[in-house]
S.K.: 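Can you read through this structure? Questions will come right after.
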Amino acid sequence: MPKTTTGRDWSGYKYRILKELGESIDMILGVRQLDSDTMRWALHSHEQDDGIGAFTAGLNSFGIPLSTRPVRKPPPAPGWWARIALLRQHLRNGKPLTYPWRRYQAGQMAPASGIAFCFLSTEQTAAIRRRVRHLRVGESAFFLSALNRACRRQLLDADCERLWMLPHDFRRALGSHHLRGNFTAPLNLPISNNASASDIYTDMKQLYRSNVLWGSWTYTNFARYLHRSIIERAYRRMPKPAWFGVYANMGNWKSAVSVPLGFVTAPPASAVCPVTAGSLTWNGQASFSLQLHSTLSSDVTEAEKLLECWLQQVLADCDIDSGIAVESIAMSELVATATRPGERR
């Protein structure tokens, strides 16, 4: 079990419990050899690392160095009672909602049938970034707005508000320079049916300014304060899904050396978070991924269709020709060929 600045990785311990209850907690890393167009796959347990840690472990296994990112002086941490108030706010923001699913198979615990993914060109990626700057929003808000609309078209029979989870790298707030370990504080973000990128960006900024991520961090590490049996009982009673889905934007990365590789990442899909989407930009080339948990679909082509719809929503607003190839791999094939680089035992 990795160590954090506060000792034991309680967030990782929570994921171990979820795994033993039947949930998949494997994060996915796909590596494309651009000069040969071949793909390699890696799995990494959330018990060991968050998305940043898993990606860093994968890069290390491929011998790709990354410069240590400078850590600025962290903002002052709120006191205990302030954290309790922020925890209450975080929980209010995350109140479970019900959804008019087109198809839903309650009680399914099998993992996603597979992962759909795609790579954009550097020119397409640059066009998207120009559009984002023009709108004066963040990339996460821009992509999530398009994903939210795509999910309404493909997965639901009626309009409704949807609760998304957005993992946020919390290292700076903790004063930690570590790249490995679980240092993620998820943001609970309810989104209306036709929310624009500007609407979502404004809501996200307001939540960040409220310091609610300290409440999220307290919630993420609740295993420190609760006996295992209480956590197991709470999980069994938890409404499923607790969140509509999770969208993880891993941001923009640059290699210290020139390598002809592209990367795609994805957090685990689960009964509590059945729609799983990810994006990442590596050396100026964006990639997207999407999974649907077995409660929503047992066919990976359904994930392909949703990813295609997501891309159409993104590209339509950027004046980009929609000539992007969406691919997929069945989970059984991925698991059979994947490696597990850099995991600590």
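Atoms considered below: every heavy atom in the structure, side chains included; atoms not considered: hydrogens, waters and symmetry mates.
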S.K.: Indicate yes or no: does D50 engage R171 in a salt bridge with an N to O separation below 4.0 Å.
M.R.: yes
S.K.: How close do A242 and L163 get, counting heavy atoms only, and between which atoms?
M.R.: O-CD2, 3.5 Å
S.K.: Is there side-chain contact between E232 and I17, with at least one heavy-atom pair below 4.5 Å?
M.R.: yes
S.K.: Determine, for E327 against R32, whether the closest basic-nitrogen to carboxylate-oxygen distance falls under 4.0 angstrom.
M.R.: yes
S.K.: If you count every heavy atom of other residues, nucleotides or ligands that lies below 6.0 Å from R88 atom CZ, does the total exceed 12?
M.R.: no
S.K.: Using every non-hydrogen atom in the two residues, find where G58 and P341 come nearest and quote the distance to one decimal.
M.R.: CA-CG, 4.2 Å
S.K.: Counting only N and O atoms by type, is there a donor-acceptor contact under 3.5 Å from the side chain of S328 to the main-chain atoms of A116?
M.R.: no
S.K.: Say whether L156 and L147 are linked into one hydrophobic cluster, either directly or through other cluster members, by side-chain heavy-atom distances under 4.5 angstrom.
M.R.: yes
S.K.: Tell me the closest heavy-atom pair linking N221 and S11, and the distance in Å.
M.R.: OD1-N, 3.4 Å
S.K.: Could you check if a side-chain atom of F119 sits within less than 4.5 angstrom of a side-chain atom of V264, using non-hydrogen atoms only?
M.R.: yes
S.K.: Atom CD of Q285 and atom CG of N252: how far apart are they, to the nearest 0.5 Å?
M.R.: 12.5 Å
S.K.: Output yes when E308 and K305 qualify as a salt bridge under the 4.0 Å nitrogen-oxygen rule, no when they do not.
M.R.: no
S.K.: Have a look at W214 and tell me which of Y208, W81, F170 forms a ring-ring contact (aromatic ring centres under 6.0 Å, His included) with it.
M.R.: F170
S.K.: Side chains of S196 and D199: donor-acceptor distance under 3.5 Å anywhere?
M.R.: yes
S.K.: Give the C-alpha distance, both sets of side-chain angles, the deciding distance and a yes or no for side chain to side chain contact (heavy atoms under 4.5 Å, CB included) between L296 and R103.
M.R.: CA-CA 6 Å; L296 296 182; R103 289 185 301 275; over 6 Å; no
S.K.: Determine the minimum heavy-atom distance between T276 and A269, stating which atoms define it.
M.R.: OG1-CA, 3.1 Å
S.K.: Are the aromatic ring centres of Y201 and F142 under 6.0 angstrom apart?
M.R.: no
S.K.: Could you see if L87 belongs to whatever hydrophobic cluster contains I231? Use Ile, Leu, Val, Met, Phe, Trp, Tyr and a side-chain cutoff under 4.5 Å.
M.R.: yes
S.K.: Rounded to the nearest 0.5 Å, how far apart are OG1 of T295 and NZ of K240?
M.R.: 11.0 Å
S.K.: May I ask you to decide whether K19 forms a salt bridge with E47, counting only side-chain N to carboxylate O separations under 4.0 Å?
M.R.: no
S.K.: Cation over ring, K14 on Y235, under 6.0 Å and within 45°?
M.R.: no
S.K.: Do W253 and F55 make the cut of ring centroids closer than 6.0 angstrom?
M.R.: yes
S.K.: Is any side-chain heavy atom of C118 closer than 4.5 Å to a side-chain heavy atom of S287?
M.R.: no
S.K.: Taking N182 for the side chain and H46 for the main chain, is one N or O donor matched with an acceptor at less than 3.5 Å?
M.R.: yes
S.K.: Ignoring hydrogens and angles, tell me if any N or O in the side chain of S294 forms a donor-acceptor pair with the backbone of A112 under 3.5 Å.
M.R.: no
S.K.: Would a 4.5 Å heavy-atom cut-off, applied to side chains only, mark L311 and F288 as touching?
M.R.: yes
S.K.: For the CD atom of E23 and the SG atom of C273, what is their distance to the nearest 0.5 Å?
M.R.: 9.5 Å
S.K.: If you take the centroid of each ring, where Trp contributes its six-membered ring, are F244 and W164 closer together than 6.0 Å?
M.R.: yes
S.K.: Which of these passes side chain to side chain donor-acceptor pair (under 3.5 Å) with R180: D9, D49, N60?
M.R.: D49
S.K.: Is there a side chain to side chain donor-acceptor pair (under 3.5 Å) between H44 and D26 once you walk through the steps?
M.R.: CA-CA 5 Å; H44 195 90; D26 281 335; over 6 Å; no
S.K.: Once you round to the nearest 0.5 Å, how far does OG of S210 lie from NE2 of H90?
M.R.: 11.5 Å
S.K.: So M27 and T265, side chain to side chain contact (heavy atoms under 4.5 Å, CB included) or not? Walk me through it.
M.R.: CA-CA 7 Å; M27 292 176 287; T265 64; over 6 Å; no
S.K.: With R8 as the cation and W10 as the aromatic partner, state whether NZ or CZ is under 6.0 Å from the six-membered ring centre and within 45° of the axis.
M.R.: yes
S.K.: Is the NZ or CZ atom of R162 both under 6.0 Å from the centre of the six-membered ring of Y99 and within 45° of that ring's axis?
M.R.: no
S.K.: With a 3.5 Å distance limit and no angle check, can you tell me whether Q206 reaches the backbone of D203 through a side-chain donor-acceptor pair?
M.R.: no
S.K.: Determine the sole option in R149, Q154, E304 for which the side-chain contact (heavy atoms from CB on, under 4.5 Å) test with C309 is passed.
M.R.: Q154
S.K.: Looking only at heavy atoms, which two atoms of P267 and Q291 are closest? And how far apart?
M.R.: O-NE2, 2.9 Å
S.K.: Tell me, with the steps shown, if T220 and T184 meet side chain to side chain contact (heavy atoms under 4.5 Å, CB included).
M.R.: CA-CA 8 Å; T220 299; T184 299; over 6 Å; no
S.K.: Do V300 and V335 share a hydrophobic cluster (ILVMFWY, side-chain heavy atoms under 4.5 Å, transitive)?
M.R.: no
S.K.: Measure the CE-NE2 distance between M204 and H168 for me, rounded to the nearest 0.5 Å.
M.R.: 9.0 Å
S.K.: Any side-chain to backbone donor/acceptor pair from S145 onto A141? Under 3.5 Å, distance only.
M.R.: no
S.K.: What about L292 and M165, same hydrophobic cluster or not, with Ile/Leu/Val/Met/Phe/Trp/Tyr joined at side-chain heavy-atom distances under 4.5 Å?
M.R.: yes
S.K.: What's the separation between atom CZ in R340 and atom OG in S45, rounded to the nearest 0.5 Å?
M.R.: 6.5 Å
S.K.: Just so I know, are the side chains of I191 and E161 near enough to count as touching, which here means a heavy-atom distance under 4.5 Å?
M.R.: no
S.K.: Do Y247 and S279 meet the criterion of a side-chain donor-acceptor pair at a distance under 3.5 Å?
M.R.: yes
S.K.: Run the side chain to side chain donor-acceptor pair (under 3.5 Å) check on S297 and D299 step by step: do they pass?
M.R.: CA-CA 5 Å; S297 176; D299 186 350; 5.8 Å; no
S.K.: Within a 6.0 Å radius of atom CZ on R129, are there more than 12 heavy atoms belonging to other residues, nucleotides or ligands?
M.R.: no
S.K.: So, do V314 and I128 sit near enough that their side-chain heavy atoms are less than 4.5 Å apart?
M.R.: yes
S.K.: Side chains of P78 and L86, heavy atoms from C-beta outward: is any pair under 4.5 Å?
M.R.: yes
S.K.: Can we call the ring centroids of W217 and F222 under 6.0 Å apart?
M.R.: no
S.K.: Do I115 and L29 sit in the same hydrophobic cluster, where Ile, Leu, Val, Met, Phe, Trp and Tyr count as joined when their side-chain heavy atoms come under 4.5 Å apart?
M.R.: no
S.K.: Can you list the steps and then say if L213 with L187 is a side chain to side chain contact (heavy atoms under 4.5 Å, CB included)?
M.R.: CA-CA 7 Å; L213 287 176; L187 187 72; 4.1 Å; yes
S.K.: Compute whether any side-chain donor of one residue and acceptor of the other, for N93 and N188, lie under 3.5 angstrom apart.
M.R.: no
S.K.: Ignoring hydrogens, what is the shortest heavy-atom contact between M109 and L21? Give both atom names and the distance.
M.R.: CE-O, 4.0 Å
S.K.: If you count every heavy atom of other residues, nucleotides or ligands that lies below 6.0 Å from R228 atom CZ, does the total exceed 12?
M.R.: yes
S.K.: With side chains defined as the heavy atoms from C-beta onward, is the minimum distance between I324 and L315 less than 4.5 Å?
M.R.: yes
